[in-house]
Student: 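Quick one: the structure is below, questions incoming.
Fair warning: this is a prediction, and the values are worked out from it, not measured in the lab. Throughout, protein chains are lettered first and strands after them, A, B, ... in sequence-line order, and every chain is numbered starting at 1.
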Number of protein chains: 2
Amino acid sequence: MLNARARVSKATVRRIPLYYRAVQQLQQQGVKRIRSERLSEIIHIPSATIRRDFSSFGELGKSGYGYSVDTLVDEFGKLLEVQDAENILLVGCGGLGAALIENNFRRNPDLNITMAFDIDPAKIGTEIGGVPVYDFRELAMRVTPDIKTAIIAVPSSAQPQVIPALEGIGIDAILTFAPQPVVCLPTTTIRYIDLTSELQSLLFTAHHQQLAD
Amino acid sequence: MLNARARVSKATVRRIPLYYRAVQQLQQQGVKRIRSERLSEIIHIPSATIRRDFSSFGELGKSGYGYSVDTLVDEFGKLLEVQDAENILLVGCGGLGAALIENNFRRNPDLNITMAFDIDPAKIGTEIGGVPVYDFRELAMRVTPDIKTAIIAVPSSAQPQVIPALEGIGIDAILTFAPQPVVCLPTTTIRYIDLTSELQSLLFTAHHQQLAD
DNA sequence: AAATGTTTGTTAATCCATTCACATAGTAGC
DNA sequence: GCTACTATGTGAATGGATTAACAAACATTT
């Protein structure tokens, strides 16, 4: 599994889910073996990059043969720990939060939003897509100790109060849609999805493009 | 404005929206000048990176003084073309699509989702947050020629049909939530937001982290 | 107006990631 | 088993982005 000698670069980490999804699809199609060159055509990542990425997880392939699809599914599955379910809490049940609950990463049975929090009395006590919505002030009371991951979909201004509360109950991985930059504990891994920034930088590139990007 | 001699790196482009948002906030707070060192504390980007980024747009600052907040707001506003409204169409009015319409980038009056498309008869003809939902088969008929930008929030499997249709009506900038990699015209700028991948790579980092990231 | 202090813009150094290119190791056919 | 292919894994080269560090430019104070 994780090759102690080789370090896995950040860029590689961001690609693991793409690899995993692609080899899963191949497996479902009954494909048994895959060459880096062919995989490159499917996911639009250069074959040299694929080979280097794969090799940082050990020697997964065979010269003159390629990679066994089953092996890749296994290995990436282990890397992403898809065997043990990841229970996730969500803070903020506005339109975006509700959409995330309803979606609930349906393709990935190991990813489950199991509870949600809000401060709106109209929402507290209800269920969204079978997921109970609790009062955010009852966070510590309601949360189960298996939950280490949170998704934040609250207005940016509310985020500075949310993060310390989450850290206080043992959350160490946070995905947030609020662009407000925050200070968090060194043990907390945080990732931002900033929809407005994505759109604005996309438009900048489109408007100023000489060459395709 | 755009400094012809200096080229703007992709990494810089992705930061422009963050800079714009920060200097707007400073302006609203009545702040007149800002040093790169101080801005660095606010947005958590190293001051050297900020200075290098800013200098790629011309000499915006003054030695021994810093940057005028008003100048920065002006310049970044011009770069992002916030004076002329960008009309956007949305394809796919499921939970996520509806949430995006209702949000509609409210902080940015220049970004407007003005029409939406779906193939569900139950949705066609309705309005979501004041935005009309049309039949996707009427795309060419309904679209106005001012629209050059689209957001796709359809199931991944439907995306290969959606993209060529959009390109056919002159769309050249696409933001999509469907991770399915696609081939598109060289003149089309496309950006993916892949929620599952973001979450999976976040979890990988959190689980395997020795050092904070 | 001179002296002191501050902060930029940029050159050089470093770091990280991608890509090339090929020796090596294995496959497939005969 | 031997020969001709094929595709990996990786050392070396390249490219892109970040960071350090400082001369030059301006502000401020006296």
Student: Round to the nearest Å and state the distance from Ile50(A) atom CD1 to dC20(C) atom P.
Tutor: 13 Å
Student: Can you tell me the distance, in whole Å, between the OH atom of Tyr67(A) and the C1' atom of dG26(C)?
Tutor: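 For the pair Tyr67(A) OH and dG26(C) C1', the rounded distance is 13 Å.
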Student: Strictly by modelled atom types, are Asp110(A) and Gln83(A) linked by a side-chain donor-acceptor pair under 3.5 Å?
Tutor: no
Student: side-chain hydrogen bond (donor to acceptor under 3.5 Å, both in side chains) for Asp53(B) and Thr12(B)? Distances and angles first, verdict last.
Tutor: CA-CA 6 Å; Asp53(B) 282 347; Thr12(B) 302; 2.7 Å; yes
Student: Given the side-chain rings of Phe54(A) and Tyr19(A), with only the six-membered ring counted for Trp, is the space between their centroids under 6.0 Å?
Tutor: yes
Student: Heavy-atom count check: over 12 atoms from other residues, nucleotides or ligands less than 6.0 Å from Ile119(B) CD1?
Tutor: no
Student: Categorize Ser36(A) for me: base, sugar-phosphate, or nothing, with a 4.0 angstrom heavy-atom threshold over every strand shown.
Tutor: sugar-phosphate
Student: With a 4.0 Å cutoff (strictly under), does any side-chain N or O of Thr49(B) reach OP1 or OP2 of dT19(D)?
Tutor: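 Result: yes.
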Student: Write down the distance between CZ (Phe54(B)) and P (dT10(C)), rounded to a whole number of angstrom.
Tutor: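 Between P of dT10(C) and CZ of Phe54(B): 15 Å.
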Student: N/O contacts under 3.5 Å, protein versus nucleotides 12-17 of chain C?
Tutor:
residue, atom, partner, partner atom, Å
dA12(C), N6, Arg52(B), NH2, 3.3

Student: Take atom CZ of Arg51(B) and atom P of dT7(C), then tell me their distance rounded to the nearest Å.
Tutor: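 The distance from CZ of Arg51(B) to P of dT7(C) comes to 11 Å, rounded to the nearest Å.
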Student: On DNA chain C, does the nearest nucleotide to Leu60(B) precede the nearest nucleotide to Arg14(A) from the 5' side, or the other way round? Give the residue.
Tutor: Leu60(B)
Student: Could you state the CD-P distance from Glu59(B) to dA24(D), rounded to the nearest angstrom?
Tutor: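 Atom CD in Glu59(B) sits about 15 Å away from atom P in dA24(D).
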Student: Can you pull every protein N or O that's under 3.5 Å from an N or O on nucleotides 25-28 of chain D?
Tutor:
residue, atom, partner, partner atom, Å
dT28(D), OP1, Arg33(B), NH1, 3.4

Student: Rounded to the Å, how far apart are Arg38(B) CZ and dT6(C) C1'?
Tutor: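 Distance check: Arg38(B) CZ to dT6(C) C1' gives 17 Å.
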Student: Less than 3.5 Å apart, which donor and acceptor atoms pair up between the side chains of residues 149-156 of chain B and the rest of the protein, not counting sequence neighbours?
Tutor:
residue, atom, partner, partner atom, Å
Thr149(B), OG1, Glu86(B), OE2, 2.9
Ser156(B), OG, Gln180(B), N, 3.0

Student: How close or far is atom C1' of dG9(C) from atom CZ of Phe57(B), stated in whole angstroms?
Tutor: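 These atoms are roughly 15 Å apart.
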Student: Within the 3.5 Å criterion, strictly below it, is a donor on Ser201(B) or Arg191(A) matched to an acceptor on the partner's side chain?
Tutor: yes
Student: Do other residues, nucleotides or ligands put more than 12 heavy atoms under 6.0 Å from the CG atom of Leu60(B)?
Tutor: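 Check passes, neighbour count above 12.
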Student: Roughly, in whole Å, what's the span from CG in Asp53(A) to P in dT10(D)?
Tutor: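 Nearest whole value for this atom pair: 13 Å.
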Student: Counting N and O atoms only, with roles assigned by atom type, does the side chain of Asn87(B) sit under 3.5 Å from a partner on the main chain of Thr114(B), one being a donor and the other an acceptor?
Tutor: no
Student: Is it the case that the side chains of Ser36(A) and Arg51(A) hold a donor-acceptor pair, with the cut-off being a distance below 3.5 Å and no angle test?
Tutor: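 Side-chain D/A pair, Arg51(A) to Ser36(A): present.
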